[in-house]
K.L.:
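Have a look at this one before I ask anything.
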Amino acid sequence: MKHHSRLPLAAVLALGISPLAAQADALAQQLEDLQGFQIIAHRGASGYAPEHTWFAYDKARDMGADYLELDLHMSADNQLMVIHDDTLERTTNGEGNVKDHSLDALKALDAGSWFNQAHPEYANDDYAGAKLLTLDEVIGRYGDDVRYYIETKSPERYPELQRALVETLEAEGLVDAGAVVIQSFSQDSLEQIHALNADIPLVQLVWYSTAEDGDGLNEWTGVTPAPAEITDADFKAIADYAVGIGPNVVYDGQDVIDADFVAQAHANGLLVHPYTINEPDAMQRLLDWGVDGMFTNFPNRLNAIVE
Ligand code: G3P
Ligand code: CA
């Protein structure tokens, strides 16, 4: 990571800065940093190590990512778990829904061996037996030495998730430290978070795909119309609660957004953070469009281009 750190309280007091002023400065610094280009490590450096494990996060930090991207679900006993899928099969040796398993049961799973089979070119014996992580564990390891770009996944499954997340972040001082962005495909989830703490920068995710009748594009969540029909008012409605929009770029081999989309979002006060961009040519193309950051499984590739 190559940014900020909140000053320790003792240093703040020694410098004669009030703690409240220091908090405001940290948040202002985060918003200022967001105006620059942000490398968002998608599930950690998940191209090189099993996603959402210490291995992937440590690599992302060491590769100069600005944010660790985390996907959140909840265990049966209401612990915030960092995992992408609703279900366990793809990334662990477990079965069934995350939400139907206790924390203890989830911690007993192997969340690393699948990677060695799926990606032999990056396999490492150390990955076998890697554990699923709770949000508390991730925060406990990195504190505010890193920034977190946290996605509320399937919030309809977890009505308690928003409140639990905001309470955790506030208790750890991470909002005031300017260390968190929250993202979601769910507008409702983001609006709940905004109501709980309006200081948290939010990013509205969208997913454009071909309409079923083959005529143009649809947006999955209904937050915007197809890019060809987006008005300034559509972007402004998102800017009422969010600092940015996170679109996919390609669907079925075709571009779904373009440089005009980026310019129109900017003109209406929104940052643009596309996902998930792994190839250098695609990274450069989006940089040329003027995007403000990208989600990538290979943060070192993006860092090599932007530095
Ligand atoms: O959060 C941005 C991107 O990660 C959304 O897609 O499915 O990888 O969470 P997904
Ligand atoms: Ca995500």
Side-chain angles (χ1 to χ4, degrees), residues 34 37-53 56-57 60 65-74 80-92 97-98 111 114-115 118-119 132-133 135 138 146-158 161-162 165 180-190 193 200-209 218-224 238 242-252 256-257 261-262 265 270-279 282-283 286 291-299 302:
L34 280 166
F37 189 83
Q38 303 297 297
I39 299 173
I40 306 156
H42 184 244
R43 316 180 194 174
S46 59
Y48 296 113
E51 64 190 57
H52 293 318
T53 65
Y57 296 153
D66 295 293
Y67 282 85
L68 298 180
E69 197 246 356
L70 314 181
D71 298 297
L72 280 194
H73 290 262
M74 292 184 90
L80 292 167
M81 303 299 305
V82 191
I83 181 170
H84 176 272
D85 298 5
D86 291 341
T87 52
L88 296 165
E89 280 81 351
R90 183 179 62 86
T91 61
T92 78
N97 292 312
V98 175
W114 71 274
F115 181 91
H119 303 284
L132 291 177
L133 302 171
L135 179 63
V138 177
V146 304
R147 284 177 170 146
Y148 309 91
Y149 205 120
I150 302 174
E151 181 176 353
T152 56
K153 277 287 184 201
S154 304
E156 67 284 355
R157 286 184 170 223
Y158 314 109
L161 189 148
Q162 284 68 221
L165 172 58
V180 179
V181 168
I182 295 181
Q183 47 160 341
S184 189
F185 287 100
S186 167
Q187 191 176 43
D188 177 63
S189 175
L190 294 179
I193 289 164
I200 301 174
L202 305 177
V203 169
Q204 176 69 60
L205 300 176
V206 289
W207 168 252
Y208 298 113
S209 60
N218 276 340
E219 199 285 304
W220 174 46
T221 66
V223 171
T224 79
I238 295 172
V243 300
I245 186 168
N248 59 317
V249 177
V250 175
Y251 179 81
D252 206 14
V256 296
I257 63 166
F261 178 99
V262 176
L270 288 173
L271 303 168
V272 182
H273 290 167
Y275 63 88
T276 300
I277 318 299
N278 291 325
E279 299 306 323
M283 292 170 177
L286 286 170
V291 303
D292 307 285
M294 287 176 224
F295 295 81
T296 180
N297 299 343
F298 299 92
L302 187 51

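We count ligands from 1, going down the list as the structure has it; atoms in each ligand are counted the same way. From a predicted model like this one, the values you see are computed outputs, not experimental measurements.
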K.L.:
Rounded to the nearest 0.5 Å, what separates atom CG in Leu72 from atom CG in Leu80?
P.N.:
5.5 Å
K.L.:
Can you tell which of Asn248, Val249, Val256 makes a side chain to side chain contact (heavy atoms under 4.5 Å, CB included) with Pro274?
P.N.:
Val249
K.L.:
Mind running side-chain hydrogen bond (donor to acceptor under 3.5 Å, both in side chains) on Thr224 and Tyr208 for me, showing each step along the way?
P.N.:
CA-CA 9 Å; Thr224 79; Tyr208 298 113; 2.8 Å; yes
K.L.:
Nearest heavy atom to atom 5 (C) of ligand 1 wins, so pick from Phe295, Phe185, Tyr149.
P.N.:
Phe185
K.L.:
At what distance is the nearest protein heavy atom to atom 1 (O) of ligand 1, and which residue and atom is it?
P.N.:
Gln183 OE1, 2.5 Å
K.L.:
Would Thr87 and Asn97 count as having a side-chain donor-acceptor pair, cut-off 3.5 Å?
P.N.:
no
K.L.:
Nearest to atom 7 (O) of ligand 1 by heavy atom, His42, Glu51, His84: which?
P.N.:
His84
K.L.:
Relative to the Ca ion (ligand 2), which of the N, O or S atoms in Asp71 is the closest?
P.N.:
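Closest to the Ca ion (ligand 2) among those atoms: OD1.
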K.L.:
Looking at Glu151, pick out the N, O or S atom nearest to the Ca ion (ligand 2) and give its name.
P.N.:
OE1
K.L.:
Identify, by name, the N, O or S atom of Glu69 lying closest to the Ca ion (ligand 2).
P.N.:
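Sorting the N, O and S atoms of Glu69 by distance to the Ca ion (ligand 2) puts OE2 first.
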K.L.:
Taking only heavy atoms of Asp71 into account, list the atoms of ligand 1 that are under 4.0 Å away from them.
P.N.:
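Result: 9 (O).
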K.L.:
Measure the spacing between CH2 of Trp207 and CG of Asn218 and express it to the nearest 0.5 Å.
P.N.:
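Interatomic distance, Trp207 CH2 to Asn218 CG, rounded to 0.5 Å: 12.5 Å.
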K.L.:
With heavy-atom distances below 4.0 Å as the criterion, list the atoms of ligand 1 near Lys153.
P.N.:
7 (O), 9 (O), 10 (P)
K.L.:
With heavy-atom distances below 4.0 Å as the criterion, list the atoms of ligand 1 near Glu69.
P.N.:
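Under 4.0 Å from Glu69, ligand 1 has these atoms: 1 (O), 2 (C), 4 (O).
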K.L.:
Aromatic rings His273 and Tyr149: how do their planes relate, parallel, tilted or perpendicular, breaks at 30° and 60°?
P.N.:
tilted
K.L.:
Taking the six-membered ring for Trp and the full ring for Phe, Tyr or His, determine whether the centres of Phe185 and Trp220 are under 6.0 Å apart.
P.N.:
yes
K.L.:
So if I count the atoms of ligand 1 from 1 in the order they appear, which ones are less than 4.0 Å from some heavy atom of Arg43?
P.N.:
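Close to Arg43: 7 (O), 8 (O), 10 (P).
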